[in-house]
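Taking it in order: structure first as structure tokens, then the write-up.
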Amino acid sequence: MFIKKMSVLLFTALLVMGITGCGNTEKDSKDPKLLLGFSQIGTESAWRIGNTLDIEQQAENYGVGLMLENANQKQENQIAAIRRFIAYKVDVIAFSPIVEDGWDNVLKEAKDAGIPVILVDRDISTDKSDLTTCLIGADFYNEGVMAGEYLLRKADELGLEQINIVEITGTENSTPMMQRQAGFFDTIGADERMNVLESIDGDFLKSRGAECMRYLIDTYGDSIDVVFSHNDEMTIGALPEIEKAGFEPGKDIIIISIDGGQEAIDILKQGKINCVVECTPKLGKALMETALKLKSGEEVEKLIHPEEVYFSDEQDTSQIMPRGY
Ligand code: AHR
């Protein structure tokens, strides 16, 4: 798979570099400005697919040669990809770590090879601060806060006295899972009406969202007032299970989701989701600009968070612009 991708890339690089017979001036003007190796987590969500497309598009816009590898949701595949990028002597390595732990050894290898590493989307947990240069990704904690603040407003609006919440979380030990949960719990924690029945791992997958919801309904039945789901995919998996059990999502059960992809926004407009917090996958521009700066030895910002908003039944949802992912 990688070999195939590499040959396509090499072929493209040869074409771009003008090694097909053009003179030097021509060749220089079309040289990729740098070679970037990027290890993507997988294709688990519309968000992830949108993120990959955005990175590919921006690499083209910025004249960056991109070696892209899909790890199919496996950390060992990401580690192997990073090792291949090192062997290939790319200029810069970027990756979206599926989980936070377990990266020190391979990142030390990149450091020893003198290749700077950019974290995209998710963070790592390490006590060695010099293994990566920067992080370009969402403020997941703030996304959890926005979700919690929506719920506090909704509880006031409905005059609810006790609110039973189930949480379907993203991949265990991943940055969005931990930070979204922390932001949400910190926001609702002091409110005595809020009661979390259970948090369950849905791994950011639609199929797991459905399984988790079936289990939650079997276990808690009609006592569930709120589903807080860490991404749209799991929400979209959970909704039919709620309907099959005879409940109306968005009315009998408050539904809060994160990502803001087009499908979830369309469901919000139908009234079956109450609030969707945005998590933008459009990180490609900042990634290319940062990689180019690193190549030319410039200082880079340590942390780049894109601006994010939320969409909810408190607003005129017909005004929400097409999302593009
Ligand atoms: O890391 C970002 C999260 O990963 C998105 O919320 C989710 O949809 C994706 O799979």
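Ligands are counted one by one from 1 in listed order, and the atoms in each one are counted from 1 as well.
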* Check whether the side chains of N231 and S45 place a donor and an acceptor atom closer than 3.5 Å, and report yes or no. => no
* Contacting atoms of ligand 1, where contact means under 4.0 angstrom from a heavy atom of P176 -> 1 (O)
* Residue and atom name of the nearest protein heavy atom (relative to atom 3 (C) of ligand 1), distance in Å to one decimal -> R122 NH2, 3.7 Å
* Just which atoms of ligand 1 are under 4.0 Å from any heavy atom in S45? -> 7 (C), 8 (O), 9 (C), 10 (O)
* Please check if L152 and V227 belong to a single hydrophobic cluster, counting links between Ile, Leu, Val, Met, Phe, Trp and Tyr side chain heavy atoms closer than 4.5 Å. => no
* What are the atoms of ligand 1, with element, lying closer than 4.0 Å to any heavy atom of R180? -> 6 (O)
* With no hydrogens and no angle check, is any side-chain donor or acceptor of Q75 less than 3.5 Å from a backbone partner on I98? -> no
* To do: Decide whether the shortest distance between a heavy atom of D259 and an atom of ligand 1 is less than 4.0 Å.
  => yes
* To do: Could you label the plane-to-plane angle of the F184 and F228 rings as parallel, tilted or perpendicular, counting under 30° as parallel and over 60° as perpendicular?
  => parallel
* Structure fact -> Taking every heavy atom of I41 against every heavy atom of N70, the minimum-distance pair comes out as O-OD1, 3.9 Å
* Asked: Between W47 and ligand 1, does any nitrogen or oxygen pair lie at a separation below 3.5 Å?
  -> no
* From NZ (K154) to CG (D225), nearest 0.5 Å -> 12.5 Å
* Asked: Nearest protein heavy-atom contact for atom 2 (C) of ligand 1: which residue, which atom, what distance?
  -> D121 OD1, 3.4 Å
* Enumerate the atoms of ligand 1 whose separation from the nearest heavy atom of E44 is less than 4.0 angstrom. => 4 (O), 9 (C), 10 (O)
* **ligand 1 contact by E233, heavy-atom criterion under 4.0 angstrom** => no
* Asked: When you check the gap from the basic side-chain N to the acidic O, do R153 and E314 get nearer than 4.0 Å?
  -> yes
